[in-house]
Chemist: 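Dropping the structure in here first, questions after.
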Amino acid sequence: MKTFISKTIIFILPVIVIFLLGIVLPTTPRASKSLLMASVNKNLLLQNTLSPRIIFVGGSNISFGLNSQMIKDSLLLNPINTAIHASIGIKFMIDNTIDFIQEGDIVVLVPEYSHFYKSLNFGSEELLRTILDVDLIKLKYLNVYQMLNIIPFIPKYSLTKFKLSEYIHIKENGVYSVSSFNQFGDAYKHWGMQQQDFSPYGPIKGEFNYELIKYFEKFSFAIKEKGGVLLVSFPGFQEISFNNSKEQILKVEQELLNSNLLIIGSPKRYKMPDSLMFNTPYHLTKSGVYYRTKLIIDDIKKARTHIAQYSQ
Amino acid sequence: MLFNSIDFAIFLPIVFILYWFGTNKNLKQQNLLIVVSSYLFYGWWDWRFLSLILFSSIVDYLVGIGLQKQENLAKRKMLLWTSILVNLGFLGFFKYYNFFLDNFITAFSFFGTEIKANSLNIILPVGISFYTFQTMSYSIDVYKRKLEPTKDFIAFSAFVTFFPQLVAGPIERATHLLPQFYKRRTFEYSKAVDGMRQILWGLFKKIVIADNCAEFANQIFNNSADMNGSTLVLGALFFTFQIYGDFSGYSDIAIGTSRLFGFDLMRNFNFPYFSRDIAEFWRRWHISLSTWFRDYFYIPLGGSSGGTWMKVRNTFIIFIVSGFWHGANWTFIVWGALNAIYFLPLLLTNKNRNNLETIAHGKFFPSIKEFLFMLLTFCLTVFAWIFFRAENIGHAICYISEILSPSLFSIPKFDGMGRALTTIILIAIFVLVEWKGREGQYAISQFGFKCKRPIRLTLYYAIIFAIFWFGGKDQQFIYFQF
């Protein structure tokens with residue numbers, strides 16, 4: 001028995017050493033040009049942009065779905081698009097944003113629908129990479145569940161450090177790279193590109209995460225304490241994918257409407273036709289971005305009267 | 001708790017250490033630990049359904065004791081039917097209620113009668129089809145006096161809930177597994193090492209083969225209306241390897257884990273895709289279920305001992321019921337019926353037991369004839385899997401119609417074709433390893449004996465790194481839904 005245990009440990013040891021080595025090795029050249037690195041610039045925007053500000057928080061439905069210049073021109077607010085990738089998890093996005101909130105800020109939270117189911121709100125591989133490749137200090141934001149969610153990705157992450165392709169022939173991916181974002185944080189490199197083929201999403205699976213709504217309410221309260229206001233809206237989502245998860249999406253809407261949050265728009269309003277989608281059911285073409293931004297501007301304008309009441 | 005989760009990676013060593021070091025190797029304590037850890041294992045998924053397992057265990061335990069005391073045949077029958085009705089009642093309610101209700105309403109509306117009845121939002125308890133069949137086997141065997149009923153409730157509960165095989169089998173017979181809970185278990189180094197090896201291979205099958213195939217199979221099946229015929233063929237092939245990697249991988253992990261605790265579970269897969277006819281396929285695929293149906297259903301129905309009509313009837317019944325066991329959907333029934341159609345010619349010409357030995361026994365290459373029969377059987381199986389995977393019959397028919405259209409000869413097109421190519425290469429390597437090891441209990445079971453230590457270790461490390469390097473996106477085990 002003891003031989004079995006000691007031999008098993010000795011057998012596993014080299015594997016663990018390789019994984020640990022992968023964690024401590026510096027970020028690879030390829031990773032340093034990745035989309036996730038944009039969080040450094042986005043945090044600088046949060047820190048340095050002057051009031052009056054409007055801050056957008058969410059996954060790539062926001063980074064690939066907003067024209068902040070239009071927001072600035074119509075609402076006369078300084079926009080900050082903090083969104084990068086849904087798999088960073090909405091909890092981390094919220095925790096990372098809250099420290100930067102200033103008096104008078106309007107925060108627009110636009111989670112992807114899948115964030116409301118199972119535990120995607122806690123993030124996955126992209127969260128791990130954001131921590132280990134971009135900023136280890138942000139580890140302080142993670143709770144046990146987030147840790148458990150990202151631990152399974154550590155071996156794969158570590159092994160990428162030993163891939164030759166991570167160090168040579170590095171080219172920036174036009175659409176998904178650190179330099180794909182404009183001065184407000186919008187992904188814009190794809191605006192001149194043709195639509196790409198992609199498959200719609202199937203039905204969202206898993207149980208509804210009621211805790212997330214409570215977390216949003218806490219976020220809203222924390223923002224209010226700092227003199228800001230939180231609005232919650234819905235992502236621009238491809239019509240076919242929308243129909244595939246209609247029941248789950250309507251549940252999201254219902255639960256948000258039942259909460260103490262200020263909700264703007266509706267899922268149906270942000271249902272996007274195929275012709276406006278770029279390369280995933282959440283990413284919009286230039287025309288799609290224009291259309292969706294117009295919708296959200298109208299919704300924010302309508303909500304402004306409520307904001308005044310809410311802030312009192 | 002999933003076998004491929006971090007939770008299980010923590011759970012297993014803790015239970016293992018407690019089992020061998022914390023119980024003084026006392027049989028009762030070991031069995032109790034198995035029960036507690038099994039309840040924890042299952043409750044991790046949904047604790048509410050623990051009561052179902054407990055209730056099922058109590059009923060079958062009491063039925064067993066009642067059957068021992070009772071000599072009156074009518075009363076014995078009544079006791080047996082109590083066990084069967086309770087177990088099938090659970091299964092019927094949780095798994096089939098909505099199916100029967102919906103079909104009932106549809107049937108009546110066909111005759112112009114509208115019936116208003118609401119379907120219930122029922123959650124299917126994980127593994128219910130597996131543990132109910134296992135407990136029923138106990139009652140039936142005690143009724144037939146093939147097995148002495150146990151008075152040890154802890155041992156019986158351990159038999160019902162044994163965590164490695166609780167949620168997706170192998171469906172053990174009481175005659176095989178229950179006595180193992182009465183015997184003192186000693187740690188065997190070679191058995192434990194073999195268990196670890198089988199777990200490793202099971203994880204490779206699940207994480208590298210099944211999870212990678214799942215990504216493409218799901219994409220193609222979910223969007224089949226937009227795909228051309230050649231892509232749909234690829235989708236069916238991806239699903240073929242997904243379901244094999246997924247389910248046989250689970251069985252390997254279950255069997256390997258049991259060996260760590262000193263138990264031997266029955267074999268569940270025996271390289272089914274290397275079968276030369278469909279009868280051989282069914283002797284090699286989900287063996288624990290097909291033999292369960294054979295022993296407790298097919299033979300009591302008369303088996304193949306009657307006339308031609310009896311053989312045809314029983315074959316169809318057994319395959320359709322087996323299909324229906326998988327889920328409350330007509331697709332599974334058609335899948336079962338299709339397999340019956342494949343099987344019948346062999347049965348009627350008495351060729352259903354032609355291929356009992358492993359293909360190309362003792363040789364590396366099969367003969368051309370063997371290869372062609374193997375290919376034909378594989379194609380028939382792939383075709384049947386389309387029904388198994390489809391959302392409904394209409395979906396399956398559209399899928400097959402598109403395959404049979406001229407678009408079959410166009411170039412496949414779907415998202416992530418580069419990654420799909422890597423998956424195809426992995427499948428090719430996997431098939432080669434399985435072929436090489438087809439005479440063993442599992443593909444790499446012989447590597448331990450035939451290879452030198454450095455080669456063996458290199459192979460194990462290669463598998464471990466392949467799991468992490470090429471591992472697909474985490475997917476639920478398919479058979480959990482059954």
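First the proteins, then the strands, lettered A, B, ... as listed; each starts at 1. Just so it is clear, the values below take in all heavy atoms, side chains as well, and ignore hydrogens, waters and symmetry mates.
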Chemist: Please look at B:Ile467 and chain A and tell me whether the side chain, the backbone, both or neither of the residue comes under 4.5 angstrom of a heavy atom of that chain.
Modeler: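 Neither part; nothing is under 4.5 Å.
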Chemist: Would you mind checking which part of A:Ile5 comes under 4.5 Å of any heavy atom in chain B, side chain (CB onward), backbone (N, CA, C, O), both or neither?
Modeler: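 Looking at A:Ile5, just its side chain touches chain B.
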Chemist: Counting only heavy atoms closer than 4.5 Å, note whether B:Leu260 contacts chain A via side chain, backbone, both or neither.
Modeler: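 Contact with chain A: side chain only.
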Chemist: Would you indicate whether the side-chain heavy atoms of B:Met196 and A:Phe4 approach each other to under 4.5 Å?
Modeler: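 Yes - at least one pair of side-chain heavy atoms lies under 4.5 Å apart.
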Chemist: What do the steps show when you test B:Tyr189 against A:Met1 for side chain to side chain contact (heavy atoms under 4.5 Å, CB included), and what is the final call?
Modeler: CA-CA 7 Å; B:Tyr189 178 81; A:Met1 164 69 86; over 6 Å; no
Chemist: Is there a donor-acceptor pair under 3.5 Å between the side chain of B:Tyr461 and the backbone N or O of A:Phe11?
Modeler: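 Confirmed, B:Tyr461 side chain pairs with A:Phe11 backbone.
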Chemist: With chain A as the partner, which of B:Val193, B:Asn223, B:Ile17, B:Ile464 has the greatest number of non-hydrogen pairs under 4.5 Å?
Modeler: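 Top count of heavy-atom pairs under 4.5 Å with chain A: B:Asn223.
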Chemist: With sequence neighbours excluded, tell me which residues meet side-chain contact (heavy atoms from CB on, under 4.5 Å) with A:Lys205.
Modeler: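 Counting only residues at least two positions away or on another chain, A:Lys205 forms no side-chain contact (heavy atoms from CB on, under 4.5 Å).
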Chemist: Does B:Asp415 use its side chain to pair, donor to acceptor, with the backbone of A:Ser199 at less than 3.5 Å?
Modeler: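 Yes.
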Chemist: Using every non-hydrogen atom in the two residues, find where B:Phe468 and A:Lys156 come nearest and quote the distance to one decimal.
Modeler: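 Nearest pair, atom of B:Phe468 first, then A:Lys156: O-CG, 3.3 Å.
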Chemist: By number, which residues in residues 191-198 of chain A have some heavy atom less than 4.5 Å away from chain B?
Modeler: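 Residues in range: A:Asp197, A:Phe198.
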Chemist: Is B:Phe414 in contact with chain A via its backbone, its side chain, both, or neither, using a 4.5 Å heavy-atom distance?
Modeler: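 Interface part for B:Phe414: neither.
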Chemist: Please check if atom CD1 in A:Ile168 has more than 12 non-hydrogen atoms from other residues, nucleotides or ligands closer than 6.0 Å.
Modeler: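 More than 12 within 6.0 Å, yes.
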Chemist: Can you tell which part of A:Thr8 gets under 4.5 Å to a heavy atom of chain B, answering side chain, backbone, both or neither?
Modeler: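 Looking at A:Thr8, just its side chain touches chain B.
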Chemist: What parts of residues 15-32 of chain A touch chain B if we use heavy atoms and a cut-off under 4.5 Å?
Modeler: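 Expected list: A:Val15, A:Ile18, A:Phe19.
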Chemist: Do other residues, nucleotides or ligands put more than 12 heavy atoms under 6.0 Å from the NZ atom of A:Lys286?
Modeler: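 Open.
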Chemist: Can you tell me if OH on A:Tyr145 sees more than 12 non-hydrogen neighbours from other groups inside 6.0 Å?
Modeler: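 12 or below, so no.
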Chemist: Please list, in residue-number order, every residue in residues 5-15 of chain B that has a heavy atom less than 4.5 Å from any heavy atom of chain A; write 'none' if there are none.
Modeler: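 Hits under 4.5 Å: B:Ile6.
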